[in-house]
Novice: 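Below are the structure tokens for one structure; questions will follow.
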Amino acid sequence: MPELPEVEATRRGLLPTVVGAKVAALNVYDARLRWPVPRDLPRTVAGRRVDAIDRRGKYLLFRFGKDTLIVHLGMTGSLTLHAAAPARRKHDHVDLVLSGGGTVRFHDPRRFGAFLWHPAGETAHPLLADLGPEPFDPAFCAAGLKDALRGRRAAIKTLLMDARLVVGVGNIYAAEALFRAGIRPATAAGRVSTARLERLVHCVREVLAESIARGGTTLRDYVGAGGEPGGFQHETRVYGREGLPCRVCGATIRGVRLGQRASAYCPNCQKR
DNA sequence: ACTGGCTCCTGAGGGC
DNA sequence: TGCCCTCAGGAGCCAG
């Protein structure tokens with residue numbers, strides 16, 4: 001599932017070929033994504049040069065001067081780079097064709113992804129306006145978290161996945177970071193001490209960095225820009241391991257549902 | 001102000 | 001073999 005590491009791996013894979021290239025065409029085969037792809041988007045981007053590809057949380061931001069093409073991979077989306085556009089498979093919804101040759105293809109079985117246009121302006125796009133700090137930014141810190149979580153009774157895991165507190169952390173990495181930090185996912189967020197939040201911040205960064213280094217996590221659909229799967233799924237210690245022995249202590253990994261999300265934890269390594 | 005629940009969508013897997 | 005149910009999950013949205 002595309003969380004921050006998968007989006008970042010995709011971004012890095014696209015950079016060398018796409019940045020500096022001109023858009024020859026944008027072909028939309030199915031506009032029914034999370035929000036409809038704007039009808040005039042192909043005309044809007046045609047002939048324009050990609051100056052940069054940035055990432056904010058799980059959003060990819062293709063910069064055209066001061067205008068931005070916002071792309072989200074949703075749950076099952078991928079962007080892959082091809083020298084020439086290959087035959088279309090089921091669920092191939094958008095092609096970004098580069099004038100120097102090369103095609104970036106958007107594939108997304110569940111169509112939870114998005115292609116949106118945000119022209120230059122003073123206001124941030126509504127989807128980006130309320131996002132919290134990047135996990136590797138110093139603004140993501142125990143003191144800030146302590147403040148934001150004060151008095152909150154929701155599960156720490158649920159809030160760790162709330163993009164207003166920190167971006168990029170989804171179900172897999174929330175579970176893995178909490179395991180490493182020794183914190184139970186169901187613990188009320190407001191009751192986690194600053195010292196433990198300190199550890200959590202460190203573990204979030206550690207898990208994300210390791211996953212980026214392995215090209216992300218591939219459970220089913222995700223592939224990087226070169227079509228290659230990630231490798232972090234072999235490193236998970238609790239995610240998807242309910243009923244199996246903990247890799248650290250041997251206790252049986254348990255599962256609990258928090259905010260409609262499956263959440264795995266080790267009852268021995270994560271005491272509270 | 002929070003919190004939990006619903007929703008979009010497709011495909012896989014389990015039970016019978 | 002086939003049908004139906006549940007689950008997977010990013011994140012907006014809404015009701016209480």
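Just so we're on the same page: letters track the sequence lines, and every chain starts at 1. From a predicted model like this one, the values you see are computed outputs, not experimental measurements.
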Novice: Rounded to the nearest Å, what distance is computed from the CG atom of residue A:Asp130 to the C1' atom of nucleotide C:dG10?
Specialist: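 In whole Å, C:dG10 C1' and A:Asp130 CG are 16 Å from each other.
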Novice: Can you check the A:Leu149 CG to B:dC2 C1' distance for me, whole Å?
Specialist: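 Taking atom C1' of B:dC2 as the reference, CG of A:Leu149 is at 13 Å.
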Novice: Check the angle between the aromatic planes of A:His118 and A:His125 and answer parallel, tilted or perpendicular using the 30° and 60° thresholds.
Specialist: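 Rings of A:His118 and A:His125: perpendicular, over 60°.
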Novice: Tell me whether the centres of the aromatic rings in A:Phe106 and A:Phe115 are closer together than 6.0 Å.
Specialist: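 Yes, the ring centres sit under 6.0 Å apart.
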Novice: Along nucleotides 8-15 of chain B, 5' to 3', which nucleotides get a B, which get an S, and which get a -, given that the test is a protein heavy-atom distance under 4.0 Å?
Specialist: BBBSS---
Novice: Please figure out whether A:Arg150 or A:Gly259 has its closest DNA chain B nucleotide nearer the 5' end.
Specialist: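 Nearer the 5' end of the strand: A:Arg150.
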Novice: Need one value for A:Ala262: base, sugar-phosphate or nothing, where a base atom within 4.0 Å counts as base even if backbone is also close, heavy atoms only.
Specialist: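 Sugar-phosphate contact only.
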Novice: For A:Leu33 and C:dA11, give me the distance from atom CG to atom C1', rounded to whole Å.
Specialist: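 After rounding, the reported distance stands at 15 Å.
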Novice: Classify the ring geometry between A:Phe232 and A:Tyr173 as parallel (under 30°), tilted (30 to 60°) or perpendicular (over 60°).
Specialist: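 Tilted.
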Novice: Could you work out, with salt bridge (Lys or Arg N to Asp or Glu O under 4.0 Å) as the rule, every residue matching A:Arg184, not counting sequence neighbours?
Specialist: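 Applying salt bridge (Lys or Arg N to Asp or Glu O under 4.0 Å) to A:Arg184 gives none.
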Novice: Give one of base, sugar-phosphate or nothing for A:Leu73, where a contact means two heavy atoms less than 4.0 Å apart.
Specialist: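 Here A:Leu73 touches no strand at all.
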Novice: Checking all strands, does A:Arg257 fall into the base, sugar-phosphate, or nothing category for heavy-atom contacts under 4.0 angstrom?
Specialist: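 Touches sugar-phosphate only.
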Novice: Could you label the plane-to-plane angle of the A:Phe64 and A:Trp117 rings as parallel, tilted or perpendicular, counting under 30° as parallel and over 60° as perpendicular?
Specialist: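 A:Phe64 and A:Trp117: tilted rings.
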Novice: What is the separation between atom CG on A:Leu159 and atom P on B:dA1, rounded to the nearest whole Å?
Specialist: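 Answer to the nearest Å: 16 Å.
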Novice: Could A:Glu8 and A:Arg12 be called an ion pair, given the rule that one side-chain N must be under 4.0 Å from one carboxylate O?
Specialist: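 Counted as a salt bridge, because a side-chain N and a carboxylate O are separated by less than 4.0 Å.
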Novice: How long is the line joining CH2 of A:Trp35 and C1' of C:dC13, in whole Å?
Specialist: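 Computing the A:Trp35:CH2 to C:dC13:C1' distance gives 11 Å.
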Novice: Could you name each residue pair satisfying salt bridge (Lys or Arg N to Asp or Glu O under 4.0 Å) that touches residues 146-160 of chain A, not counting sequence neighbours?
Specialist: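 Salt bridge (Lys or Arg N to Asp or Glu O under 4.0 Å) check on residues 146-160 of chain A returns A:Asp147-A:Arg150.
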Novice: Can you measure A:Gln233 atom CD to C:dA8 atom P for me and round it to whole angstrom units?
Specialist: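 Computing the A:Gln233:CD to C:dA8:P distance gives 18 Å.
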Novice: Is A:His72 near enough to C:dG10 that one of its side-chain N or O atoms lies under 4.0 angstrom from OP1 or OP2?
Specialist: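 No, A:His72 has no side-chain N/O under 4.0 Å of OP1/OP2 on C:dG10.
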Novice: Is A:Arg261 near enough to B:dC6 that one of its side-chain N or O atoms lies under 4.0 angstrom from OP1 or OP2?
Specialist: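 Looking at the OP1 and OP2 atoms of B:dC6, neither is under 4.0 Å from any side-chain N or O of A:Arg261.
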Novice: Between A:Gln260 (CD) and C:dT6 (P), how many Å, whole number?
Specialist: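 From A:Gln260 CD to C:dT6 P: 15 Å.
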Novice: Find the distance A:Ile156:CD1 to B:dT3:C1' and express it as a whole number of Å.
Specialist: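 The answer, rounded to whole Å, is 15 Å.
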